[in-house]
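Every value quoted in this text rests on a predicted model; they were computed, and no experiment measured them.
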Amino acid sequence: MNPAGSTRRFDVVLGSASPARLAVLTRAGVHPRVLISDVDEDAVLEDLAGVPPTDVVARLAMAKSDAVVATLIAERGGPESAAAQDGSIPDTVVLTCDSMLLFRGALTGKPHTPDVAIDQWKRVRGQSAQLLTGHHLAVVSGLGVVASASETASTTIDFADVDDAEIDSYVATGEPLEVAGGFTLDGLGGWFVDAIDGDPSSVIGIGLPTVRRLLRRVGIGVAELW
């Protein structure tokens, strides 16, 4: 990486299929390449049994990062590749995240099915829970990782005391099935969130203040990604 104060070029890779995360970054002036990891999240979670919830989501984000970085480096070829030889590969910031809802000591992710989503909503309605979003940042220079940092953002969600009919109607839209905790803040689910205490962008999927802090830890100013 170049000395502080010099003109530096960073590519940005978002290791997520989430349109919401991509939209948050794009609106904030960052236009990443999307490179989706093939991590088996359920298998990772099995290995993390007994690990504190804030560490679980951070470790999931790290596992995704490792997979994305491996793909990125494989694309660049080995040490004998032309790009590696002439130094034309720009330094790359890889961002990965994972979100889960912590309610009464239990973590829940994406419901996947309507029955699970309905049951989850009936448990949290009128209650508060914590949306945990693990963030991992890796800086890839040439064919290796030269810096990395992780942090978990926690935001308290106050869910509305919705009735069964509202829950059924919301789940029928399909929106909550493939989002962490079975709700969104920036979509239809926003109707059923009374309040939040924390960073809204981390609830949507990627916390801008958290990413800014991670960048500072590895010596990068956020404006260098704009």
Side-chain angles (χ1 to χ4, degrees), residues 1 10-22 24-25 28 30 32-76 89-102 105-110 112 130-155 178-181 198-199 201-222 224-225:
M1 297 173 66
F10 292 98
D11 285 350
V12 180
V13 169
L14 174 64
S16 173
S18 166
R21 289 187 178 124
L22 178 59
V24 168
L25 290 175
V30 178
R33 172 191 175 190
V34 173
L35 188 57
I36 302 169
S37 74
D38 58 357
V39 169
D40 184 339
E41 295 183 28
D42 291 335
V44 175
L45 284 171
E46 287 182 10
D47 291 338
L48 295 176
V51 173
T54 55
D55 291 340
V56 167
V57 290
R59 295 271 289 277
L60 279 166
M62 187 182 302
K64 293 178 181 179
S65 179
D66 290 345
V68 170
V69 167
T71 299
L72 190 62
I73 291 175
E75 288 180 353
R76 296 179 172 184
I89 303 175
D91 287 351
T92 302
V93 173
V94 176
L95 298 171
T96 50
C97 300
D98 193 89
S99 297
M100 299 186 77
L101 191 71
L102 179 63
L107 282 172
T108 56
K110 301 171 183 175
H112 297 305
Q130 281 68 51
L131 197 284
L132 303 179
T133 300
H135 299 67
H136 189 78
L137 181 151
V139 183
V140 181
S141 184
L143 299 177
V145 174
V146 296
S148 64
S150 295
E151 185 176 323
T152 295
S154 176
T155 303
E178 298 302 325
V179 290
D199 169 28
S201 60
S202 72
V203 179
I204 296 172
I206 184 166
L208 296 180
T210 302
V211 172
R212 177 178 52 79
R213 287 192 294 271
L214 294 178
L215 286 167
R216 291 176 69 179
R217 288 182 202 170
V218 299
I220 299 173
V222 68
E224 295 178 82
L225 305 188

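- The minimum heavy-atom distance between Gly134 and Ala61, with the atom names listed, is O-CB, 3.6 Å.
- Between Val12 and Leu225, the shortest heavy-atom distance links the atoms CG2-CD2, 3.9 Å.
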### Task
Kindly indicate, with the supporting measurements, whether the criterion side-chain contact (heavy atoms from CB on, under 4.5 Å) is fulfilled by Arg76 and Thr92.
CA-CA 12 Å; Arg76 296 179 172 184; Thr92 302; 2.6 Å; yes

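- Taking SG from Cys97 and NZ from Lys64, the interatomic distance works out to 8.0 Å, rounded to the nearest 0.5 Å.
- Atoms CG and CG, from Leu60 and Leu107 in turn, are 9.5 Å apart once rounded to the nearest 0.5 Å.
- Here side chain to side chain donor-acceptor pair (under 3.5 Å) pairs that include residues 43-54, with residues two or more places apart or in two chains, number zero.
- Of the possible polar contacts, none joining the Thr155 side chain to the Val203 backbone as a donor-acceptor pair under 3.5 Å is found.
- From Glu224, atom CD reaches atom CG of Asp91 across 10.5 Å, with rounding to the nearest 0.5 Å.
- Of all heavy-atom pairs spanning Gly207 and Asp199, the tightest one is CA-OD2, 3.2 Å.
- Rounding to the nearest 0.5 Å gives a distance of 6.0 Å between OG1 of Thr71 and CG of Asp38.
- Annotation for Arg217: atom CZ counts as buried by contact number, over 12 foreign heavy atoms lying within 6.0 Å.
- With respect to Leu137, the side-chain contact (heavy atoms from CB on, under 4.5 Å) criterion is satisfied by exactly one of Thr96, Ile220, Leu214: Leu214.
- Here the shortest heavy-atom pairing between Ser99 and Ser202 reads OG-O, 4.4 Å.
- With sequence neighbours excluded, the residues satisfying side chain to side chain contact (heavy atoms under 4.5 Å, CB included) with Ser18 are Ser16, Ala20, Arg21.
- Thr210 OG1 to Leu95 CG: the interatomic distance, rounded to the nearest 0.5 Å, is 11.5 Å.
- Here the CG atom belonging to Asp98 is positioned 12.5 Å from the OG atom belonging to Ser65, to the nearest 0.5 angstrom.
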Apply the test side-chain contact (heavy atoms from CB on, under 4.5 Å) to residues Ile206 and Thr133: give CA-CA distance (whole Å), side-chain angles for both, the deciding distance (0.1 Å), then the verdict. CA-CA 7 Å; Ile206 184 166; Thr133 300; 5.9 Å; no

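- Inter-residue side-chain proximity for Leu35 and Glu75 is flagged as met; some heavy-atom pair is nearer than 4.5 Å.
- Leu131 approaches Ala180 most closely through the heavy-atom pair CD2-O, 4.4 Å.
- Side-chain contact between Val211 and His135: present, with at least one pair of heavy atoms (C-beta onward) separated by less than 4.5 Å.
- For the residue pair Leu102 and Gly105, the shortest heavy atom distance occurs at CD1-C, 3.7 Å.
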